[in-house]
Amino acid sequence: MNDDRLNKDADDDIRGLFMDFKPDLSSDFMFMNRLEHALDSVEIVKKHNEALHARSRKAMVIVGITGFVVGVIFSLLMPLVGEFMAQLKSSFTGNMFAETLIANYRGITWVLICGASILISLNAYDLSMTVLKARSNE
């Protein structure tokens, strides 16, 4: 019986809270102003994302060209690296580690070419994004 009375008192308290609750309803004009402002904000963000996407595509084309050019340049230098390694081979007779490196210079050189191409391409991406951003702000 006490439980029923406690539940009834709690229900009455909750009903009292909701009876006193009278939310302010804003006017249609204020609602429309807020809605238009929110839609304008969405449009600004959408245009910014489109511009960023276009800059990113241009930068990726620049990166691809840069990586290709750097790879070609380093590949053309491979005969010079071979001649240099042939000269070093006579200097390091007896040193097993040096002889192993010289014997496998092509693989090591290709790994270095790949790493250099990647680093130069990443720097080209950062630089092109900066330049394209500066152009779009003008």
Side-chain angles (χ1 to χ4, degrees):
M1 185 147 169
N2 275 342
D3 289 335
D4 290 337
R5 185 179 174 141
L6 287 175
N7 286 338
K8 186 174 183 187
D9 289 340
D11 287 343
D12 288 340
D13 289 341
I14 292 173
R15 280 192 190 112
L17 285 172
F18 283 113
M19 295 279 268
D20 293 337
F21 181 68
K22 300 207 187 311
D24 292 331
L25 298 176
S26 62
S27 68
D28 289 340
F29 180 73
M30 288 175 55
F31 172 77
M32 289 304 291
N33 279 341
R34 282 187 295 188
L35 181 63
E36 286 177 11
H37 179 69
L39 290 174
D40 289 342
S41 298
V42 167
E43 191 65 30
I44 290 169
V45 170
K46 183 179 175 185
K47 286 181 182 178
H48 174 73
N49 284 342
E50 287 173 356
L52 181 64
H53 187 65
R55 280 195 325 255
S56 181
R57 274 186 278 144
K58 289 176 186 175
M60 288 305 293
V61 168
I62 293 169
V63 166
I65 292 169
T66 302
F68 179 76
V69 169
V70 169
V72 167
I73 290 171
F74 282 137
S75 297
L76 292 174
L77 294 175
M78 278 296 279
L80 295 174
V81 174
E83 291 174 14
F84 179 71
M85 289 299 167
Q87 291 173 356
L88 280 180
K89 191 172 189 178
S90 62
S91 301
F92 287 105
T93 55
N95 186 343
M96 197 65 145
F97 179 72
E99 287 179 4
T100 304
L101 285 178
I102 291 170
N104 297 310
Y105 81 92
R106 285 184 191 262
I108 295 168
T109 304
W110 281 113
V111 169
L112 292 174
I113 289 171
C114 180
S117 295
I118 289 171
L119 286 175
I120 291 170
S121 295
L122 288 174
N123 287 326
Y125 180 80
D126 288 339
L127 182 64
S128 61
M129 284 297 283
T130 303
V131 169
L132 291 171
K133 183 177 182 181
R135 281 189 186 168
S136 68
N137 288 339
E138 291 177 352

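Two residues are said to be in side-chain contact when any heavy atoms from C-beta on lie closer than 4.5 Å; M129 and K58 fail this criterion. At least one side-chain heavy atom of V70 sits under 4.5 Å from a side-chain heavy atom of F74. Two residues are said to be in side-chain contact when any heavy atoms from C-beta on lie closer than 4.5 Å; R57 and M60 fail this criterion.
Every residue meeting the side chain to side chain contact (heavy atoms under 4.5 Å, CB included) condition with L35, not counting sequence neighbours, appears here in chain and number order: F31, M32, L39.
Atom CE in M78 sits 9.5 Å away from atom CE in M85 (nearest 0.5 Å).
With hydrogens and angles disregarded, no donor-acceptor distance shorter than 3.5 Å links the side chain of S56 to the backbone of L52.
Criterion: ILVMFWY side-chain heavy atoms under 4.5 Å apart, direct or through other members. Under it, I102 and F84 are part of a common hydrophobic cluster.
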Could you tabulate the donor-acceptor pairs under 3.5 Å formed by side-chain atoms of residues 107-128, not counting sequence neighbours?
unit_1, atom_1, unit_2, atom_2, d
T109, OG1, Y105, O, 2.6
S117, OG, I113, O, 2.9
S121, OG, S117, O, 2.8
N123, ND2, L119, O, 3.3
S128, OG, A124, O, 2.9
S128, OG, Y125, O, 3.0

